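Here's the structure we're looking at; comments come further down.
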Amino acid sequence: MTKLSSHITALFIVVALVWAFVPVFSVEEAEAKSLWNTCLVKITPKCALNIIWVVFGNGTLYESCCHDLVQEGKVCHDTLIKYIADRPSLIGRETQYLKKRDDLWSHCVSVSKTV
């Protein structure tokens with residue numbers, strides 16, 4: 001029960017972060033639902049938070065999250081990070097975040113190939 005409770009809490013945190021970082025006016029409702037149904041369900045909340053922290057903060061990547069990221073797919077990863085990077089408060093630093101996004105993707109693909 002505790003494990004289920006912690007998963008639900010982590011999922012709530014991920015949803016809250018996505019809502020906080022994604023400008024409402026840039027994501028159409030149907031598009032947001034599509035992203036949720038096709039992308040966010042493919043990655044654990046723990047890994048989603050870790051990836052966001054790596055790209056937008058100074059976090060250290062959990063190697064175990066690389067598998068989730070590669071399974072999520074490049075299109076989902078690129079799209080979700082781009083939506084967050086397009087937030088008005090982050091304007092001017094988009095290229096920095098997009099480079100970190102691409103570097104993270106390349107790293108995870110190489111790690112996944114060796115496993």
Side-chain angles (χ1 to χ4, degrees):
M1 184 66 178
T2 303
K3 189 172 187 171
L4 177 62
S5 177
S6 66
H7 277 34
I8 291 171
T9 301
L11 181 60
F12 176 76
I13 291 169
V14 169
V15 170
L17 281 172
V18 169
W19 279 103
F21 279 108
V22 177
V24 175
F25 55 85
S26 73
V27 182
E28 304 247 349
E29 186 176 333
E31 189 175 8
K33 184 173 177 15
S34 174
L35 283 172
W36 176 263
N37 290 337
T38 59
C39 297
L40 290 176
V41 296
K42 296 180 184 179
I43 193 163
T44 65
K46 177 186 125 189
C47 288
L49 288 172
N50 181 235
I51 290 164
I52 289 169
W53 186 244
V54 168
V55 174
F56 294 98
N58 293 319
T60 302
L61 179 68
Y62 304 136
E63 294 294 324
S64 60
C65 290
C66 278
H67 173 75
D68 281 10
L69 178 62
V70 173
Q71 182 178 349
E72 176 189 45
K74 181 145 177 57
V75 171
C76 286
H77 175 63
D78 288 353
T79 303
L80 292 170
I81 297 298
K82 176 97 172 82
Y83 279 137
I84 296 170
D86 284 345
R87 185 171 182 229
S89 64
L90 300 176
I91 290 179
R93 295 179 282 178
E94 304 98 323
T95 55
Q96 169 192 349
Y97 297 130
L98 298 181
K99 179 179 180 346
K100 286 176 83 173
R101 173 198 71 187
D102 294 342
D103 291 347
L104 177 64
W105 177 261
S106 297
H107 172 76
C108 284
V109 167
S110 68
V111 166
S112 295
K113 286 181 181 179
T114 62
V115 174

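This structure is a prediction, so every number in the text was calculated from the model and none was measured.
Taking 4.5 Å as the limit, some side-chain heavy atom of Y62 sits within range of a side-chain heavy atom of K46. Between H77 and C108, the closest side-chain pair of non-hydrogen atoms is not below 4.5 Å. No side-chain heavy atom of K99 sits less than 4.5 Å from a side-chain heavy atom of E94.
With K100 contributing its side chain and Q96 its backbone, the two residues share no donor-acceptor pair below 3.5 Å. D68 places a side-chain N or O within 3.5 Å of a backbone atom of T44 that can act as its donor or acceptor partner.
When each of L80, I81, V54 is tested with R101 by the rule side chain to side chain contact (heavy atoms under 4.5 Å, CB included), just one qualifies, namely I81.
In terms of heavy-atom proximity, N50 sits nearest to T60 at ND2-O, 3.0 Å. For the residue pair E63 and H107, the shortest heavy atom distance occurs at OE2-NE2, 3.1 Å. Scanning all heavy atoms of the two residues, the minimum distance from L98 to A85 falls at CD2-CB, 4.4 Å. Residue C66 comes nearest to S112 through the heavy atom pair O-OG, 3.8 Å, listed as atom of the first residue, atom of the second, then distance.
Applying the salt bridge (charged side-chain N to carboxylate O under 4.0 Å, His left out) test to K82 and every residue at least two apart in sequence or in another chain returns D86.
If you take CG on L69 and CD1 on I43, they are separated by 5.5 Å, rounding to the nearest 0.5 Å. In this structure, CH2 in W105 is found 8.0 Å from CG in D78, a value given to the nearest 0.5 Å.
Taken together, the cysteine pair C76 and C39 places its SG atoms within less than 2.5 Å of each other.
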